[in-house]
Amino acid sequence: MGYVAIKGGGRAIEGSHAAVEALRAAEGEAGTPLSLSTIENQLRLLTSRVLSEGGLYHPRLAALAIKQFQGDTLEAAFALRAYRSTKPRLLETPVQDTSRMRLIRRISSAFKGIPGGQLLGPTYDYALRLMRLDLADESSEAFRAVARRFMQGVPDTALPDSFPKVVDALRAEGLLPPLAPRTQEAFDITREPLVFPVPRSAALATMARAETGSLLAIAYSNMRGYGDVHPTIAELRVGYLPVMLPHPVTGEPVEAGEALITECEVVAMYEGNNSDGPPVFTLGCGACFGHNEVKAISMAILDRALQKGMRDGPRNPSEDPEFVLLHVDGVDSMGFASHYKMPHYVTFQSDMDRLRTTQSKAKASAKGVLA
Amino acid sequence: MPELQTPAADTQGWMPLTQQRVFRQLMNAFAYPGRIEPLCPGADAQGALTRILATLLDGEVSLADLDAQVSPLGWARLEVRRDVPERSNFVLARGDRAPDFQPRLGTLESPEGGATVLVRVGALGRGGELRLSGPGIRGERRMAVTGLDPAWIEARSQWNGAFPMGVDLILVDDRQLAALPRTTRIHTEGAR
Amino acid sequence: MNPGYELPLDEAAYSFGFLDEYAKREVRRAILKAVSIPGYQTPYASREMPMGRGFGTGGLQLTLSLIGPGDTLKVIDQGSDDSVNAVNLRHFVELTCPGVDTAERTAEATLIQSRHRIPEAPLTEEQLLVLQVPYPDPLVVVEPSEGKRKIMHGEGDYSRLLTKLYEDIVQFDEITISHRYPTRINGHYVIDPSPIPRYDVPRLHQSRALILFGAGREKRIYAVPPYTVAEPLAFEDVPFRTEDFREEHGNRRACARCGAKDSFLDEIILDGGEKTYQCSDSDYCNQQLAMRSAAVEASA
Ligand SMILES: [Zn+2]
């Protein structure tokens, strides 16, 4: 009889790689390979999501990962993260000022009029979710005309470079607490493991690269009643943040590039007075790479919930830093879910041994009772 | 005391593959306490210490250099943060002087916060013997060392009085290293 | 978006051992603390590796931080060198660590990375065993909060874990933990020895080789140093027991291939439905088979 060993692993892997690659090209002769620029532009929200969950701002690499992993956001973000592991951290970025963002969109649900005005910008919020069948067989001509028409309609009056932030106005009025001076260095989750309790900066960094759906699910539990943040969006802004880094020689801050980010600040009802001053609103903050509004909102709500949990002790899962922060990472959770597909022969053998032993003991004692 | 890393000194210690080898020796030294590990051939008086420091330190950790054994160039290349011994992850000291500092011991929950103390000794493998026992040692091991003030043994036993808190020692001479993790028990026989 | 972003030039950007030197240094510092505090779960940052969390990324980060030219690496999964995951990990190391040899013979390896098994052949002081760990903390079953678990570990307080074992005995007249058997190291910390079977637990005790445990997803490294006491938790009247490989008449089952009666066996269900047993450790099975056929030839 032959040896029923775990064998041929190498050949099986090669075959499986070939099969999955063949599916990518299954259109055959009729197919056109996706260009990275097509992915980056036409699937810009997908690219955004991968950028943010991968925690590495490199839109072209994100587009490549999406192509390579056939649109699987978890796998694509994972590939970006793994690429990041090979890169040293060259310096710590100073605090970046998001009031300097070049906005494509900003709204406030707290005030009708805000300094600088509302800027609805690109959104599907008020679109009817009806199928646009004209896109099904879109011609290249029609496609190219879209951007051309839009640019013709743009008024000459240039938008201002930056817009003041809504929370600054609330702060000036004394409705929000003044900015606390920074007492701690920002926690770098790529260099230090989370050992609880963790500072707020560690929570924010973890959520900034969290898996969107996981973050949303936990934030949603808070919104529905397993929590009581009751947020109002003071401001949601999407745009290009000029990234300022110290000049290597002079040390002066210079603009090293820009990154598309989404930032959300929610204001919540004031909490019991814990200091000497008058009661004020509380603030939750969310921000991530790319254009991901649901993620930024979820993060802002959870930031608020976690701050409350850190102060008063968690009363709901969404207020518990360990529960939230250890379960929202897509790379961790999908990896672990996938690992169950690996062989567990040895542990299962061990499980059977225990079950058989306890079964035989149970049988023996049942016989004893009968006799 | 020789200066660490003068421009003419050998630069092997800064190479990734050297650091990989040195790390394996360090790890063996910790796994088998009191076993003397010869550092890579060619290491001169500066080289041995440089190799260890370059293998263990970078900008993520802090070092207290009690007897100015690290040169300005060494500090620059190591990128390590300079701090007082009470707060440092690593402390570098001379063995022939009695220790006069309180290192970090870690906490009950996070004992890994206890410092690693590098002690520059005269020679390993010569002189008075320490009798060692504990994890990593089958029965008992003897380790000879010169240039280690007996006050170190006394201080170490105080620092390591409440396991899991404590400090871990690396002894280094011109060419070799040995380690005394916090779990090693020392029975002295007149080390000088 | 930013059209100025270029792709990295080529794969050559990956350095020896994949991880950058800063990442390796951090893992190395954590290893030294883990060895110095036997059984303590030392936190480290744990980088993302190009394979899934749960597929051995913790073990792999240890291996990549340890390995150098001159090492001979053996990778096993379920005792076998040729299972898909072992092949995949070995291939990755071959790709990123030029100059490293790989081997299937346990005796030839200087560094062994394993999932779920400790090799049957006794290890030596010249060898190093890296075990992949999915769940590092044995206290998780009795205490969900990590903050509280860290205090219990620090104090060496395992009373709640022992209570849990005792409740098992009351209900089943037997400790039902099959693998990942909680084991006390050097009289203080209790570890999860990774999903090795109970059969392998005694090999941790007074091992000649250093044994390192890497949990990548949970970001922990811990160690059982050589010549260190490792005791599975048990009670005087209900001792620790390894897997029982006796058949109904009380005789020890043998490997159907090599005939060994002293190895952990895989239970295999044949097409006809009957069962057969073979060594889980494929190298051990091959060695036994070679020895037996040599003995047969010698006697012929
Ligand atoms: Zn066999």
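Throughout, a chain's letter reflects where its sequence line sits, starting with A, and its residues are numbered from 1.
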ask   = Relative to chain B, which segment of C:R149 carries a heavy atom at a distance below 4.5 Å: side chain, backbone, both, or neither?
value = neither
Specify which of [options] makes the most heavy-atom pairs with chain B at under 4.5 Å.
{"options": "C:I151, C:T42, C:V229", "result": "C:I151"}
{"options": "C:L66, C:V224, C:L210, C:N186", "result": "C:L66"}
{"options": "C:Q41, C:H153, C:Q206, C:E155", "result": "C:E155"}
{"options": "C:P69, C:G68, C:G70, C:P225", "result": "C:G68"}

Has the side chain of [X] got a donor or acceptor atom that lies under 3.5 Å from a matching backbone atom of [Y]?
{"X": "B:R182", "Y": "C:S36", "result": "no"}
{"X": "C:K33", "Y": "B:G114", "result": "yes"}
{"X": "B:E60", "Y": "C:E26", "result": "no"}

inquiry  = Please identify which of these residues, C:K24, C:E21, C:R28, meets the side chain to side chain contact (heavy atoms under 4.5 Å, CB included) condition with B:Q20.
reply    =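 Only one option passes, and that is C:R28.
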Considering only heavy atoms, which portion of [X] lies under 4.5 Å from any heavy atom of chain C: side chain, backbone, both, or neither?
{"X": "B:T116", "answer": "both"}
{"X": "B:L180", "answer": "neither"}
{"X": "B:A54", "answer": "backbone"}

inquiry  = Please determine whether a side-chain nitrogen of the Lys or Arg among C:E125 and B:R35 lies less than 4.0 Å from a carboxylate oxygen of the Asp or Glu.
reply    = yes
message = Under 4.0 Å between a side-chain nitrogen and a carboxylate oxygen: does that hold for C:R29 and B:D58?
response = yes
CG on C:L32 to OG1 on B:T55, rounded to 0.5 Å = 10.0 Å
request  = Start with the C-alpha gap between C:Y22 and B:E79, add the side-chain angles, then the distance that decides, and say whether side chain to side chain donor-acceptor pair (under 3.5 Å) holds.
outcome  = CA-CA 11 Å; C:Y22 294 89; B:E79 300 173 16; 3.1 Å; yes
inquiry  = How close do C:I37 and B:P164 get, counting heavy atoms only, and between which atoms?
reply    =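 Looks like CG2-CB, 4.1 Å.
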C:R25 versus B:Q19, closest heavy-atom pair with distance = NH2-OE1, 3.1 Å
ask   = Can you check side chain to side chain contact (heavy atoms under 4.5 Å, CB included) on C:Y227 and B:I137, steps first, answer last?
value = CA-CA 6 Å; C:Y227 307 119; B:I137 299 168; 5.9 Å; no
